[in-house]
Visitor: 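This is the structure I have questions about; it appears just below.
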There are 2 protein chains.
Amino acid sequence: MDESGNWHTAAERAGFVRDILDRIGDKWSVIVICRLGTGPHRFNELRRATEGITQRMLSSTLRALERDGIVSRTVHPTVPPRVEYALTETGRTLLDVVTALARWTDQHVDVIRAARADYDDRTHATA
Amino acid sequence: MDESGNWHTAAERAGFVRDILDRIGDKWSVIVICRLGTGPHRFNELRRATEGITQRMLSSTLRALERDGIVSRTVHPTVPPRVEYALTETGRTLLDVVTALARWTDQHVDVIRAARADYDDRTHATA
DNA sequence: CTGAATCCTTTCCGATACTG
DNA sequence: CAGTATCGGAAAGGATTCAG
């Protein structure tokens with residue numbers, strides 16, 4: 001990208017997009033990020049709020065996000081242990097672009113569904 | 001989402017984001033989309049321009065994008081056959097949000113790299 | 001409560017060969 | 001040129017068990 005914010009090549013842009021998709025393109029990251037967008041949460045809070053996630057996946061997802069500085073992890077040394085996860089400043093800006101993605105989907109989900117039905121008709125058109 | 005563009009719940013937003021990530025979260029979709037952002041391309045043109053992609057993956061990626069109305073496929077009935085792929089109107093709007101994603105990454109790649117190095121130091125701190 | 005470790009299934013995707 | 005078909009390795013992720 002140059003100073004004006006324009007991309008030199010399609011490959012350059014594609015490279016950057018792949019970088020971020022490698023982080024949040026997995027099954028659970030964006031779900032956790034959206035959930036933390038409403039404020040800090042404890043481990044089992046997140047677990048209960050995130051339908052279908054296993055302990056293993058929540059744990060590894062959080063650690064990956066923490067490693068990249070998107071989520072912070074705060075341990076309160078009490079008994080029983082209390083651990084709070086929250087979005088960092090970086091994480092909050094990421095939530096913004098994730099929200100933009102959600103908005104696009106919301107606006108196009110109908111067209112896409114229609115295109116898909118149309119395609120399926122045309123292809124294996126049982127005639 | 002309501003008429004004002006606000007989300008009712010984190011889960012609603014997360015659901016929409018997962019929908020789109022299920023489409024473009026794979027290894028090649030966004031690369032192909034970025035490439036088609038510079039104009040229509042033929043199959044082997046895309047293949048050569050997209051380093052590392054196999055015929056099989058390019059083919060299946062294009063078909064998936066075509067099915068969802070993101071990419072159009074135009075066959076010119078000549079000999080040899082000539083097939084052109086291009087972004088649809090929907091595809092162009094998607095390229096915009098993909099570009100926003102790339103821009104975010106470009107702006108945060110340094111912080112993320114630093115956070116990662118820092119995390120790796122702190123964790124298996126051999127000390 | 002907050003995890004880590006192990007096992008096992010499923011999905012993704014690369015390599016290769018073949019076709020109109 | 002523009003694909004499809006089949007195979008096999010690698011990786012993601014779910015189920016379950018154990019631990020501080």
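Throughout, a chain's letter reflects where its sequence line sits, starting with A, and its residues are numbered from 1.
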Visitor: Quick check for you: among D/dG13, C/dT2, C/dC13, whose closest atom lies nearest to any side-chain atom of B/Arg56?
Guide: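 Side chain of B/Arg56 sits closest to C/dC13.
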
Visitor: In whole Å, I'd like the distance from the CE atom of A/Met57 to the C1' atom of C/dC7.
Guide: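 After rounding, the gap between these two atoms is 15 Å.
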
Visitor: Would you mind checking if B/Asp106 and A/Arg13 are paired as a salt bridge, meaning a charged N to carboxylate O distance below 4.0 Å?
Guide: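 Salt bridge flag = no for B/Asp106 with A/Arg13.
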
Visitor: Kindly say if B/Arg63 contacts the phosphate of D/dT4, meaning a side-chain N or O under 4.0 Å from OP1 or OP2.
Guide: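 Yes, B/Arg63 has a side-chain N/O under 4.0 Å of OP1/OP2 on D/dT4.
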
Visitor: Give the rounded distance in Å between these two atoms: CG of A/Leu62 and P of C/dC1.
Guide: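 For the pair A/Leu62 CG and C/dC1 P, the rounded distance is 16 Å.
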
Visitor: Could you give the CZ-to-P distance, from A/Arg73 to C/dC1, as a whole number of Å?
Guide: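 Going from CZ in A/Arg73 over to P in C/dC1 covers 15 Å.
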
Visitor: Give a yes/no answer on whether the side chain of B/Lys27 brings an N or O atom under 4.0 Å of OP1 or OP2 in C/dG14.
Guide: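 Yes, such a contact exists.
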
Visitor: At under 4.0 Å, does any side-chain N or O of A/Tyr85 touch on OP1 or OP2 of C/dG3?
Guide: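 The answer is yes; a side-chain N or O of A/Tyr85 sits under 4.0 Å from OP1 or OP2.
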
Visitor: Salt bridge check: are A/Asp118 and A/Arg122 linked by an N-O gap of less than 4.0 Å?
Guide: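 The answer is yes: the pair qualifies as a salt bridge.
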
Visitor: Grab the CZ-C1' distance between B/Phe43 and C/dG20 for me, whole Å please.
Guide: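 B/Phe43 atom CZ is separated from C/dG20 atom C1' by 14 Å.
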
Visitor: Which sits closer to the 5' end of DNA chain C, A/Pro81 or B/Trp28, going by the nucleotide each is nearest to?
Guide: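 Per heavy-atom nearest nucleotide, the more 5' residue is A/Pro81.
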
Visitor: Is the shortest side-chain heavy-atom distance between A/Thr99 and B/Trp7 below 4.5 Å?
Guide: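 Touching, per the 4.5 Å side-chain cut-off.
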
Visitor: Round to the nearest Å and state the distance from B/Ile53 atom CD1 to D/dG3 atom P.
Guide: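 My rounded result for the distance is 13 Å.
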
Visitor: Just how far, in rounded Å, is P of D/dG3 from CG of B/Asn44?
Guide: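 Atom-to-atom, B/Asn44 to D/dG3, this comes out as 9 Å.
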
Visitor: Would the distance check show the side chain of A/Asp68 and the main-chain N or O of A/Ile70 forming a donor-acceptor pair, the cut-off being under 3.5 Å?
Guide: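 Pair absent, no side-chain N/O of A/Asp68 close to backbone of A/Ile70.
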
Visitor: Between C/dT2 and A/Arg42, is there an OP1 or OP2 to side-chain N/O distance shorter than 4.0 Å?
Guide: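 For C/dT2, OP1 or OP2 has a side-chain N or O of A/Arg42 closer than 4.0 Å.
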
Visitor: Would you mind reading off the distance between B/Gln55 atom CD and D/dT4 atom P, rounded to a whole angstrom?
Guide: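 After rounding, the gap between these two atoms is 10 Å.
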
Visitor: How close or far is atom C1' of D/dA2 from atom CD of B/Glu66, stated in whole angstroms?
Guide: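 Distance check: B/Glu66 CD to D/dA2 C1' gives 13 Å.
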
Visitor: Is any side-chain nitrogen or oxygen of B/Ser59 closer than 4.0 Å to OP1 or OP2 of D/dT4?
Guide: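 Looking at the OP1 and OP2 atoms of D/dT4, one of them is under 4.0 Å from a side-chain N or O of B/Ser59.
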
Visitor: Nearest nucleotide by nearest heavy atom, which residue falls closer to the 5' end of DNA chain D, B/Pro80 or A/Asp26?
Guide: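 It is B/Pro80 whose nearest nucleotide is closer to the 5' end.
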
Visitor: Given side chains that start at C-beta, do those of B/Leu46 and B/Ile53 come closer than 4.5 Å, heavy atoms only?
Guide: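 No, side chains not in contact.
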
